[in-house]
Protein chains: 2
Amino acid sequence: MKKQQILSQQVCFPIYAFAKEIINQYRPLLDAIELTYPQYLVMLVLWEFESQTVNQLGEKLKLDSGTLTPLLKRMESKLLVTRTRSSSDERIVNIALTQNGKALQIKAANVPAQLIEAMNVTVEELQELKNIISKISNKNNKK
Amino acid sequence: MKKQQILSQQVCFPIYAFAKEIINQYRPLLDAIELTYPQYLVMLVLWEFESQTVNQLGEKLKLDSGTLTPLLKRMESKLLVTRTRSSSDERIVNIALTQNGKALQIKAANVPAQLIEAMNVTVEELQELKNIISKISNKNNKK
DNA sequence: AACAATTAAATTGTGTGCAATTTATTTAAC
DNA sequence: GTTAAATAAATTGCACACAATTTAATTGTT
C-alpha cells in the first residue's frame, strides 16, 4: 500500500475535520441567536456593508446562488433581511438588513470571544493558521 | 462596530473556505473514479483496514450514523462495499471491501499527487498546516 | 432596431452533515 | 430471570454545497 493512501498520512483530512469541528463549536453559540454558521457569515458581511447583491455575497463567502438563494429566503422569513430586485437592473437582487437584522449585531457581539473560549485556543494560534492558509491560497488566486 | 465582527478579521472563515476549496480541488480527480470526497475517505480507511464497523468508520472520520448509513448504502449500490450485520452482535454492521472496492485502490493511486499538483502547493506547506491544526485540536481531545 | 451573447438569480437534483428520535439488540442490576 | 440501562444503526427532518440547467434581463454586434 502506498504511504499516501493511508488516512493518517492525509494532509487534507485534518483540515476538513477541523473546519467541521469549528462549525460544531459555533453551533451552540449561534443557536442562541437562531443563526446557522453560513447565515452568521452573511450577517457579518451585512453588518459591515449594510446592503449587498447576491453576487457580492457569493464572492465574499465563496457560495453560489444555488446555496445563497434558499439560505437568504430563510433569513428573509426570519425578518433579518429584505430581498429586493434592483429597479435599474432587474436581474440583480439586493439583500439589505432589516432593523431586526441590525439589532442582532449587539446580541452577537460576544460570539467571537465565546468561540475562542470554547475552542480553547489563543488568537495567536488561529492567526498563525490563518497566515499559512492565506499563504497557500493566495498562490492560486493570483492566476 | 467591533473589529471582531468584520469578515476579514475572522480567523475561522478562512479555514471553512479553504476546506471547501480542497474538496472542490478533489472533485474532478474523484469524479474520474466516481467517488465523492467523504466516500473517498471511507475507501482510504477500508484500503488500510479491510473491514470496519459503522462505528469505527465514524470515529476515524468524525461522522455519525446519520451521515454514514445513507453514504454507505450508496457505496454498497456501487458495489464497492458490503454491509453485513455481525452474527455475534446483531446491532453491529460490518462494512467490508468488495473485489471492486479493492481494485479501485490502483485507479486511485495517483490522486494524492494529482491533488498537490492541482492545488499548487508543496507537501511541506500542507505539513506545516497539518502540524498547527493538530497542535490546536489535540488540546481539546485530551480533556 | 433585431438578434446573439452575456449576466444574475432561481431552480432542480444529488450528496453530505448533524440533531433528535426510533428500533433492535445486548448488557447490567436486582 | 426479568426489567432497566446502554449501545449500534437507522430514520426523520432540516440546512447547506455545488453542478447543471433554466429563466429573465441586459449588453453588444451588426
Self-check item: Between C1' of dC16(D) and CG of L57(A), the distance in whole Å
Solution: 15 Å
Exercise. Among the candidates dT16(C), dA17(D), dA8(C), find the nucleotide nearest to the side-chain atoms of T67(A).
Key: dA17(D)
Quiz item: Would you say a side-chain N or O of K73(A) is under 4.0 Å from OP1 or OP2 of dT11(C)?
Solution: yes
Quiz item: If you check every side-chain atom of V93(B), which of dA9(D), dG17(C), dA9(C) has the closest atom?
Solution: dA9(D)
Quiz prompt | Selection: residues 83-91 of chain B, any non-hydrogen atom under 4.0 Å of DNA chain D | solution = R83(B), R85(B), R91(B)
Quiz prompt | Phosphate OP1/OP2 of dA17(D) contacted by N24(B) side-chain N/O (<4.0 Å) | solution = no
Self-check item: Ion pair K102(A)/E50(A), N-O distance below 4.0 Å
Solution: yes
Quiz item: Expressed in angstrom and rounded to an integer, what is the separation of Q52(B) atom CD from dA8(D) atom P?
Solution: 14 Å
Quiz prompt | K20(A) side chain reached by L63(B) side chain, heavy atoms, under 4.5 Å | solution = yes
Practice problem: Answer yes when E128(A) and K135(B) have at least one side-chain N-carboxylate O distance shorter than 4.0 Å, and no when they do not. | Solution: yes
Quiz item: Which nucleotide, dA9(C), dA19(C), dT16(C), lies nearest any side-chain atom of R27(A)?
Solution: dA19(C)
Quiz item: Do the charged groups of E90(A) and R85(A) touch, with an N to O distance under 4.0 Å?
Solution: no
Quiz item: Whole-Å distance between dA24(D) C1' and I92(A) CD1?
Solution: 13 Å
Quiz item: With nearest nucleotides of DNA chain D determined for P70(A) and T69(B) from heavy-atom distances, which residue corresponds to the more 5′ nucleotide?
Solution: T69(B)
Practice problem: Decide yes or no for K78(B) and Q39(B): does some side-chain heavy atom of the first lie under 4.5 Å from some side-chain heavy atom of the second? | Solution: yes
Quiz item: How long is the line joining CG of L71(B) and C1' of dA9(D), in whole Å?
Solution: 14 Å
Quiz item: Going by heavy atoms in the side chains, are N94(B) and R83(B) under 4.5 Å from each other?
Solution: no
Self-check item: Cation over ring face, K60(A) and F49(A), 6.0 Å, 45°
Solution: yes
Self-check item: Atom pair distance, as rounded to whole Å: CZ in R74(A) and C1' in dG13(D)
Solution: 13 Å
Self-check item: Nucleotide of dA9(D), dC18(D), dC18(C) approaching K20(A) most closely (side-chain heavy atoms)
Solution: dC18(C)
Quiz prompt | Side-chain heavy atoms of L30(A) within contact of T36(A), under 4.5 Å | solution = no
Quiz item: The side chain of T53(B) lies closest to which of these nucleotides: dA9(D), dA9(C), dC16(D)?
Solution: dA9(D)
Practice problem: With a 4.0 Å heavy-atom cut-off, tell me which residues in residues 31-51 of chain A come close to DNA chain D, sorted by residue number. | Solution: T36(A), P38(A), Q39(A)
Quiz item: Within the structure shown, what part of the strands sits under 4.0 Å from D64(A) by heavy-atom distance: base, sugar-phosphate, or nothing?
Solution: base
Quiz item: How are the rings of Y40(A) and W47(A) set to each other: parallel, tilted or perpendicular (split at 30° and 60°)?
Solution: perpendicular
Quiz item: Closer than 4.0 Å, any side-chain N/O of N55(A) to the OP1 or OP2 of dA9(C)?
Solution: yes
Exercise. Identify which one of V121(A), T122(A), L126(A) satisfies the side-chain contact (heavy atoms from CB on, under 4.5 Å) criterion when paired with E124(A).
Key: T122(A)
Practice problem: Please state how far atom CG in N94(B) lies from atom P in dA8(D), giving the value in whole angstrom units. | Solution: 13 Å
Quiz item: What integer distance in Å separates L72(A):CG from dA8(C):C1'?
Solution: 13 Å
Quiz item: What integer distance in Å separates L68(B):CG from dA8(D):P?
Solution: 14 Å
Quiz item: Within the structure shown, what part of the strands sits under 4.0 Å from L63(A) by heavy-atom distance: base, sugar-phosphate, or nothing?
Solution: sugar-phosphate
Exercise. Could you check which of dA10(D), dT16(C), dA9(C) has an atom nearest any side-chain atom of S65(B)?
Key: dA10(D)
